[in-house]
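The structure displayed is predicted, hence computed values, not measured ones.
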Amino acid sequence: MPEGRKTYTKTKPIQDEDFSVCVAWWKNREENAQAYKYNFREAYNQAIKDATPHWYAGKKAEETANQLAKAVKELAEKIQGLQNSILDFSPSNTNLI
């Protein structure tokens, strides 16, 4: 807050000059207790490096799951085919009377 100011109100709103200290600091930024530099690029690259093995493991697991799902589908089709062939050889109910 600027000197002599306790609050902002609807009738006494914040003014552009109230930011003068902040703007002056911004033009010549230095680290202090309220502001520090953060190397985002370095953190981002480290996060990519850390996550890459997990991405590869996830892709491999997905491929395995897809292969297993395909195998299950093929086996289900074989079972259905066998059930249909068993039904084809069963005697008809009309001959039992």
Cut-off 3.5 Å, no hydrogens considered: what does the side-chain donor-acceptor table look like for residues 21-35, sequence neighbours left out?
{"residue": "Trp25", "atom": "NE1", "partner": "Glu30", "partner atom": "O", "Å": "3.4"}
{"residue": "Asn32", "atom": "OD1", "partner": "Gln34", "partner atom": "N", "Å": "2.7"}
{"residue": "Asn32", "atom": "OD1", "partner": "Ala35", "partner atom": "N", "Å": "2.8"}

If you look only at distance, which donor and acceptor atoms sit under 3.5 Å apart when one is on a side chain in residues 66-78 and the other is two or more places apart or in another chain?
{"residue": "Asn66", "atom": "ND2", "partner": "Glu62", "partner atom": "O", "Å": "3.3"}

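Residue pairs meeting the side chain to side chain donor-acceptor pair (under 3.5 Å) criterion with at least one member in residues 9-23, sequence neighbours excluded: Tyr8-Asp18, Thr9-Thr11. Among pairs with a residue in residues 36-50, those fulfilling side chain to side chain donor-acceptor pair (under 3.5 Å) read Asn39-Glu42, Gln46-Asp50, at least two apart in sequence or across chains.
In this structure Glu63 satisfies the side chain to side chain contact (heavy atoms under 4.5 Å, CB included) test with no other residue, sequence neighbours excluded.
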